[in-house]
Amino acid sequence: MDFTRTFIPSKYLLFVFALVLILVAAPALYALENSETINLEQEYQAITTRLYSVLAANISECRTRNDSLKNLNLQLKKLSNQNKNIIGICLIQNHVELLHKNIDNKEIFPVFQFLLENNNLPLSNELYLRAKNEGDKSLVSNISFIYAQYYLKRKNWKKVLQYTKDIYTDLTANDANLAYIYTGIALQNVKKHREAVKIYLKVPRQSKHYPAARLNIATAYIRQDWWTDAHIKINEILNNKEIKTNNEMNNRFYLVLGYSLLRKEFYRDSREAFRNIEINSVYFNKALLGIALTATNQEDYIGALNVIKILMSKERYDLSVDESYLLLPYIYEKLGQNMTASASYSDALKYYQSRIENLTTIKNKNSISAQEILNNSNHLVIENNIINYSQYFPISFLQNKVRIDELSKYTSHINNANLLKNFLTLKEKYNNSLLNNLNIVFDSRLAYLESYMNQSRFGLARLFDNSNSASN
């Protein structure tokens with residue numbers, strides 16, 4: 001049954017739970033994660049590889065010579081701080097011979113980091129092959145760790161597993177623990193939850209990554225429907241003062257715990273978990289909605305009303321605020337206040353119609369840049385609308401788009417007409433892809449609003465039918 005299309009209160013609560021759990025615990029699902037992404041990436045690598053070679057030869061700043069990797073890294077760091085990463089890549093192009101001679105030096109690690117952070121995969125792969133042939137296992141393991149980070153951002157789970165295999169003992173303690181978490185995430189995403197749990201358990205209690213490993217164990221248990229085990233793992237962190245977590249990590253723990261307990265109908269415990277989420281947390285609205293749902297299930301309708309009205313008073317609109325307008329009339333129905341419920345359904349219809357018109361206007365403007373999206377960790381606030389984009393855009397796509405815009409500043413140095421034409425075509429493809437996928441983001445949000453509007457219309461009609469039946 002499509003719970004977004006048919007309003008059935010008990011099922012609706014489960015729909016809300018599933019929605020929020022997806023937002024806080026599940027791996028992101030990208031609109032761009034398809035053949036289009038792969039084709040764009042391949043074209044990007046082919047064109048920019050040629051482009052960097054031309055720029056390296058034609059830009060004087062790229063021809064600065066360094067006699068050691070240490071000095072090269074200092075210059076790369078300086079260029080990075082100046083937002084001149086394009087010059088940094090070109091500089092590396094002009095120091096390939098130096099890199100070859102020092103491939104077994106640990107100073108090579110920052111070079112790989114710079115290349116992969118700026119998505120210059122061909123040159124990085126050429127150096128990696130040389131390192132495998134000439135360097136020792138420890139050197140290769142540390143470079144492989146950098147590759148694992150690169151592929152983690154791209155959600156390429158098979159590559160993550162390939163590059164984390166057998167590298168842990170060669171890494172620093174902190175990097176080894178991160179590598180365990182990368183491996184666990186990759187295993188979860190290929191549906192190997194039990195293997196993932198075994199890997200997460202390798203992260204020691206004294207590690208700063210221990211809470212993240214425990215949260216991932218809990219979500220792995222939830223995926224397998226092992227709710228009790230999941231709750232134990234979460235409470236282990238929350239109740240142990242010796243384990244240091246930041247406030248937002250704690251808030252996330254409480255949110256996952258709250259909705260997990262709600263799903264298993266432990267309403268009192270669920271409500272208590274939601275109450276622990278701080279008022280300034282990004283999860284606070286979801287916590288308020290969770291409290292409203294638990295209160296409704298406990299038949300504490302007055303308590304639910306109070307929380308719903310707090311959500312409805314918010315000046316910024318996210319899905320939790322939007323959903324509150326649909327939950328309000330249902331609560332009035334449970335209180336037997338059918339006239340108020342009918343008026344609330346009418347108000348909800350007006351609210352959703354207004355929200356749809358507002359979002360449609362914003363969508364039609366569609367002037368959001370890739371850099372603007374990257375500058376905001378998970379969501380954008382556009383005219384008081386909180387737009388969650390993280391499940392639609394791979395970070396790598398956005399970063400490529402920003403780099404293409406940056407490369408556009410250097411087109412005067414491109415003396416190859418065919419290469420320039422290919423680059424401008426690539427830029428146009430990225431522009432169109434960004435625009436199309438922003439439309440998908442807005443269309444998804446609009447679909448929720450249209451669904452809520454239809455459910456409000458259905459609720460209003462049902463109350464009208466019930467009223468007529470009673471009068472007859």
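Note that the coordinates shown come from a computational prediction; the quantities given were computed from them, not determined experimentally.
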Output all residues satisfying salt bridge (Lys or Arg N to Asp or Glu O under 4.0 Å) with E406, sequence neighbours left out; order by chain, then residue number.
K409
Sidechain N-carboxylate O distance under 4.0 Å for E195, K198
no
Pairwise side-chain contact, L123 with Y52, heavy-atom cut-off 4.5 Å (strictly under):
no
For Q188 and Y200, which I'm curious about, is there any donor-acceptor pair between the side chains at under 3.5 Å?
yes
Return yes if a side-chain donor-acceptor contact under 3.5 Å exists between Y180 and T164, otherwise no.
no
Report the residues that fulfil side chain to side chain donor-acceptor pair (under 3.5 Å) with N251, sequence neighbours left out, ordered by chain and then residue number.
E248, E278, S281
Taking atom types as modelled, find out whether K401 and N431 have a side-chain donor-acceptor pair closer than 3.5 angstrom.
yes
Does a sphere of radius 6.0 Å around CD in E97 hold more than 12 heavy atoms from other residues, nucleotides or ligands, not counting ones at 6.0 Å or beyond?
no
So which atom in S80 and which in N85 form the shortest heavy-atom distance, rounded to 0.1 Å?
CA-OD1, 3.3 Å
Hey, are E265 and N297 close enough side-chain-wise for a donor-acceptor pair under 3.5 Å?
no
For I108 and I103 the tightest heavy-atom approach is CG2-O, 3.9 Å
Please report the C-alpha distance between Q75 and H95 in whole Å, then the side-chain angles of each, then the deciding distance to 0.1 Å, and finally whether the side-chain hydrogen bond (donor to acceptor under 3.5 Å, both in side chains) criterion is met.
CA-CA 12 Å; Q75 192 170 357; H95 285 81; 5.9 Å; no
Spatial distance of atom CG (L76) from atom CG (N66) [nearest 0.5 Å]:
8.0 Å
Considering only heavy atoms from C-beta outward, does the side chain of V402 approach that of Q399 to under 4.5 Å?
no
Please lay out, stage by stage, how Q45 and N119 fare under the test side-chain hydrogen bond (donor to acceptor under 3.5 Å, both in side chains).
CA-CA 8 Å; Q45 294 292 352; N119 200 15; 2.8 Å; yes
Distance alone, cut at 3.5 Å: any donor-acceptor contact between the side chains of S124 and Y147?
yes
Stepwise side-chain hydrogen bond (donor to acceptor under 3.5 Å, both in side chains) check, S141 with D170
CA-CA 6 Å; S141 292; D170 298 317; 2.7 Å; yes
Are V197 and L187 side-chain neighbours, meaning at least one heavy-atom pair lies under 4.5 Å?
no
Among residues at least two apart in sequence or on other chains, which ones pass salt bridge (Lys or Arg N to Asp or Glu O under 4.0 Å) with D322?
R355, R445
Does K233 pair with D229 as a salt bridge, N-O distance under 4.0 Å?
no
Gap separating the CD1 atom of I234 from the OG atom of S260, nearest 0.5 angstrom:
6.0 Å
NZ/NE/NH1/NH2 to OD/OE distance under 4.0 Å, K286 and D318:
no
Any non-hydrogen side-chain atom of Q371 less than 4.5 Å from a side-chain atom of D405?
no
Among residues at least two apart in sequence or on other chains, which ones pass ring-ring contact (aromatic ring centres under 6.0 Å, His included) with Y221?
W226
Just by distance, no angles: are the side chains of Y44 and N39 close enough, under 3.5 Å, to form a donor-acceptor pair?
no
Can D443 and K363 be said to form a salt bridge (Lys or Arg N to Asp or Glu O under 4.0 Å), step by step?
CA-CA 8 Å; D443 287 343; K363 173 191 170 185; 2.7 Å; yes
Could you tell me which non-hydrogen atom of A218 sits nearest to which non-hydrogen atom of A230, and how far apart they are?
O-CB, 3.5 Å
Going by side chain to side chain donor-acceptor pair (under 3.5 Å), name the residues that satisfy it together with S270, two or more places apart in sequence or in a different chain.
none
Which residues pass the salt bridge (Lys or Arg N to Asp or Glu O under 4.0 Å) test with K264, not counting sequence neighbours?
none
Can you tell me how far the CD atom of Q93 sits from the OG atom of S53, to the nearest 0.5 Å?
4.5 Å
Side chains of N174 and H209: is there a donor and an acceptor less than 3.5 Å apart?
yes
Quiz question: by atom type and distance under 3.5 Å, do the side chains of H100 and E126 form a donor-acceptor pair?
yes
Would you check, one step at a time, whether the test side-chain hydrogen bond (donor to acceptor under 3.5 Å, both in side chains) holds for R130 with N133?
CA-CA 5 Å; R130 183 175 287 265; N133 291 334; over 6 Å; no
Donor-acceptor pair between Y259 and R263 side chains, under 3.5 angstrom
no
NZ/K77 to CG/L72 distance, rounded to the nearest 0.5 angstrom?
14.0 Å
Taking atom OH of Y267 as the centre, report whether more than 12 heavy atoms of other residues, nucleotides or ligands fall under 6.0 Å from it.
yes
For the ring pair Y151 and Y163, is the centre-to-centre distance below 6.0 Å?
yes
